[in-house]
Every structure is written in structure tokens, then in C-alpha cells.
S.K.: 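There's a structure below that I have some questions on.
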Amino acid sequence: PGSGAFFTPGKDTVVYKITDPTGLFSTCSVIVTVNACDEAPVAKCKEVTVYADSECKALVSAIDVDNGSMDMEDNIESYSISPEGPFSVGIHQVVLTVTDISNHQSSCNAVITVLDTIPPQLICPENMIVNTDPRKCTSIVTYTKPVGKDNCSIFGNGQISGIGPGGMFPKGITTNLFYTEDGAHLK
């Protein structure tokens, strides 16, 4: 290519030749090096909603919050988020950083929302058979109230109906109904 020609990135050898009217000539060469246009990548983020696991945490990777980050030279080497997690139930701000092979970086902000969708469990005592008190059709029955168990937190436990521990139970079958509620208000 001559003066004013378009050169692509890399090395090109340009040879010049001059010839006089008698046919004598001389040559010289020039190596033209064009460095690649290495621009920083463009980070693109998206909001993500994930669900807490059995330990009330969620793992989210940088790729999960990436929304098509790009590099003009297709040289993205790594994606990272900060903080890395694991993330508890709630809303978390993270920064996605995209790095190309020339160590140019671009960042964007993303929101990770972690939801608790696992309902709590109510651990109930075994059914009980109790004799009535002598010459009465009732009996005082003591039992341990059911306990709530959840992957995140228990907001409350309570009795909906029936007779509480230490109460006077009549002869026959008595059904006690209890509830438990977790921090996400799942019952």
C-alpha cells in the first residue's frame, strides 16, 4: 500500500522502488506497524431475582447479572461482582466488572433480590392417649407445644384452636391446631 492507504492492525512491509530513465532502479522497504484499537469493554447489567436455599442464602455469579457486556475486539477475559456473596434474603447492590485481555475494565451497578419462598415447618409432638382422672371425665394434659423450623427465621408460633398445655381435656378426641410463620410471612 502507498501513502494514504488503509492499514489493518499488525505489521505490513511497504516496498518502494524508483527507476530512472535508463532502467536503473533502487528499492527500500519500510515496516508499518499498526497497533490494534484496544478500547475498554462495555459492561451491561440487569436486575436479578433469586430464591434463598435451605440455608437462607443464594449464590449469584457475575454472569447472572451480565446483560450482554461487550468488547469491540471480543477479548473479554473475566467477569466479577463485588461483593461476591452468598446473599441473604433482601435487596443487594453489586458492581459487575468486566475485564478484557489488555486489563481494561468497565463496571456497572446491578440489583440482586433474594426471596424466601420455602414455607416453615411445624414440628408437632406425637399424638397422645391419656386416661381421664379417677371419677372424672376430664384430665389435665401437659405437652410440649409444636415448634416452628425454617430455612431463614421464625416470625411467630401460635395456637389457633384447641386446648393449650396444662389444660383440662374432656373425654374423647381433642384436636389442637397450631401455626408457625416465618420472616417472609409464609405459614
Side-chain angles (χ1 to χ4, degrees), residues 1-123 148-156 180-187:
S3 177
F6 179 76
F7 290 87
T8 59
K11 290 185 179 183
D12 288 302
T13 301
V14 179
V15 178
Y16 293 99
K17 180 179 178 183
I18 187 164
T19 306
D20 69 13
T22 64
L24 297 173
F25 66 92
S26 177
T27 63
C28 70
S29 63
V30 175
I31 296 175
V32 177
T33 302
V34 177
N35 293 326
C37 177
D38 190 13
E39 296 180 19
V42 177
K44 293 183 178 181
C45 289
K46 64 181 175 185
E47 293 186 6
V48 177
T49 299
V50 294
Y51 303 97
D53 62 16
S54 62
E55 296 179 1
C56 198
K57 295 181 173 121
L59 295 175
V60 177
S61 72
I63 297 300
D64 294 331
V65 298
D66 179 61
N67 195 27
S69 297
M70 59 183 211
D71 185 62
M72 294 300 289
E73 298 83 33
D74 285 330
N75 291 326
I76 293 179
E77 183 171 61
S78 67
Y79 299 81
S80 62
I81 58 172
S82 178
E84 292 181 350
F87 300 97
S88 60
V89 170
I91 297 172
H92 305 273
Q93 299 281 337
V94 297
V95 176
L96 169 68
T97 301
V98 180
T99 306
D100 69 11
I101 61 172
S102 298
N103 208 31
H104 295 122
Q105 296 182 333
S106 177
S107 299
C108 58
N109 295 319
V111 175
I112 297 171
T113 302
V114 180
L115 302 175
D116 176 17
T117 58
I118 300 173
Q121 295 178 336
L122 190 60
I123 312 301
K149 179 181 175 187
D150 189 59
N151 65 320
C152 291
S153 65
I154 294 296
F155 178 71
T180 189
E181 183 177 359
D182 70 8
H185 301 291
L186 298 171
K187 293 183 178 182

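Excluded from the calculations below are hydrogen atoms, water molecules and symmetry mates; all remaining heavy atoms, backbone and side chain alike, are included. One-based numbering along the sequence shown.
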S.K.: Taking all atoms of both residues into account, what is the closest heavy-atom pair of G148 and L122, and its distance?
M.R.: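 Nearest heavy atoms, G148 then L122: N-CD1, 4.2 Å.
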S.K.: State the CD1-CD distance between I81 and Q93, to the nearest 0.5 angstrom.
M.R.: 12.5 Å
S.K.: Just jot down the ring pair (Phe, Tyr, Trp, His ring centres under 6.0 Å) partners of Y79, sequence neighbours excluded, or say none.
M.R.: none
S.K.: Which pair of non-hydrogen atoms, one from V94 and one from P83, has the smallest distance, and what is that distance?
M.R.: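 What the structure gives for the nearest pair is CG1-O, 3.9 Å.
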S.K.: Got a sec, which residues hit side chain to side chain contact (heavy atoms under 4.5 Å, CB included) with K46, two or more places apart in sequence or on another chain?
M.R.: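 Residues passing side chain to side chain contact (heavy atoms under 4.5 Å, CB included) with K46: V48, N67.
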S.K.: Working to the nearest 0.5 angstrom, can you tell me the gap between E39 CD and N75 CG?
M.R.: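 These two atoms lie 12.0 Å from each other.
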S.K.: Is S88 close to V114 at the side-chain level, that is, under 4.5 Å between some pair of heavy atoms?
M.R.: no
S.K.: What pairs with D150 under side-chain hydrogen bond (donor to acceptor under 3.5 Å, both in side chains), at least two apart in sequence or on another chain?
M.R.: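 With neighbours one apart ignored, the set is empty.
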S.K.: What residues form a side-chain hydrogen bond (donor to acceptor under 3.5 Å, both in side chains) with T22, not counting sequence neighbours?
M.R.: D20
S.K.: Residues in side chain to side chain contact (heavy atoms under 4.5 Å, CB included) with T19, at least two apart?
M.R.: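 Expected list: K17, F25.
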S.K.: Can you list the residues that meet the side-chain hydrogen bond (donor to acceptor under 3.5 Å, both in side chains) rule with S61, with sequence neighbours excluded?
M.R.: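 Checked S61 against side-chain hydrogen bond (donor to acceptor under 3.5 Å, both in side chains); matches are D64.
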S.K.: Please round to the nearest 0.5 Å and tell me the distance separating atom CG of D66 and atom CG of L96.
M.R.: 5.5 Å
S.K.: CD1 of I91: more than 12 outside heavy atoms within 6.0 angstrom?
M.R.: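 12 or below, so no.
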S.K.: Could you walk me through whether V32 and K11 pass the side chain to side chain contact (heavy atoms under 4.5 Å, CB included) test, one step at a time?
M.R.: CA-CA 6 Å; V32 177; K11 290 185 179 183; over 6 Å; no
S.K.: Does L24 have more than 12 heavy atoms from other residues, nucleotides or ligands lying within 6.0 Å of its CG?
M.R.: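 For L24, atom CG is crowded (more than 12 foreign heavy atoms under 6.0 Å).
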S.K.: Examine distances only and state if a side-chain atom of S69 and a backbone atom of K44 form a donor-acceptor pair shorter than 3.5 Å.
M.R.: yes
S.K.: Would you please name every residue forming a side chain to side chain contact (heavy atoms under 4.5 Å, CB included) with P119, sequence neighbours left out?
M.R.: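 With sequence neighbours excluded, P119 shows a side chain to side chain contact (heavy atoms under 4.5 Å, CB included) to L186, given in chain and number order.
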S.K.: Rounded to the nearest 0.5 Å, what separation is found between the CD atom of E84 and the CG atom of L59?
M.R.: 11.0 Å
S.K.: May I ask you to decide if the ring planes of F87 and H92 are parallel, tilted or perpendicular, using 30° and 60° as cut-offs?
M.R.: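 Judged by the thresholds at 30° and 60°, the geometry between F87 and H92 is tilted.
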S.K.: Which pair of non-hydrogen atoms, one from V89 and one from A52, has the smallest distance, and what is that distance?
M.R.: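 Looking at all heavy atoms of both residues, the shortest contact is CG2-CB, 3.9 Å.
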S.K.: Take C152 and D182 through the side chain to side chain contact (heavy atoms under 4.5 Å, CB included) test and state the conclusion after the steps.
M.R.: CA-CA 7 Å; C152 291; D182 70 8; 5.8 Å; no
S.K.: Sequence neighbours left out, what passes ring pair (Phe, Tyr, Trp, His ring centres under 6.0 Å) with Y51? Give chain and number order.
M.R.: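 Ring pair (Phe, Tyr, Trp, His ring centres under 6.0 Å) list for Y51, sorted by chain: empty.
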S.K.: What distance separates T49 OG1 from L115 CG, expressed to the nearest 0.5 Å?
M.R.: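 T49 atom OG1 to L115 atom CG measures 6.0 Å (nearest 0.5 Å).
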S.K.: Check N109 against C45 and note the closest heavy-atom contact, atom names and distance.
M.R.: O-CB, 3.4 Å
S.K.: Which residues pass the side chain to side chain contact (heavy atoms under 4.5 Å, CB included) test with D53, not counting sequence neighbours?
M.R.: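 Once residues adjacent in sequence are excluded, the partners of D53 under the side chain to side chain contact (heavy atoms under 4.5 Å, CB included) criterion are E55, K57.
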S.K.: Show the atom names and distances, to 0.1 Å, of all donor-acceptor pairs under 3.5 Å that link a side chain in residues 97-108 to residues at least two apart or in another chain.
M.R.:
from	atom 1	to	atom 2	distance (Å)
T97	OG1	S107	OG	3.1
T99	OG1	Q105	NE2	3.2
D100	OD1	S102	N	3.0
D100	OD1	N103	N	3.1
D100	OD1	H104	N	2.8
D100	OD2	H104	ND1	3.4
S102	OG	D38	OD2	2.2
H104	ND1	D38	OD2	3.4
S106	OG	P41	O	3.3
S106	OG	A43	N	3.1

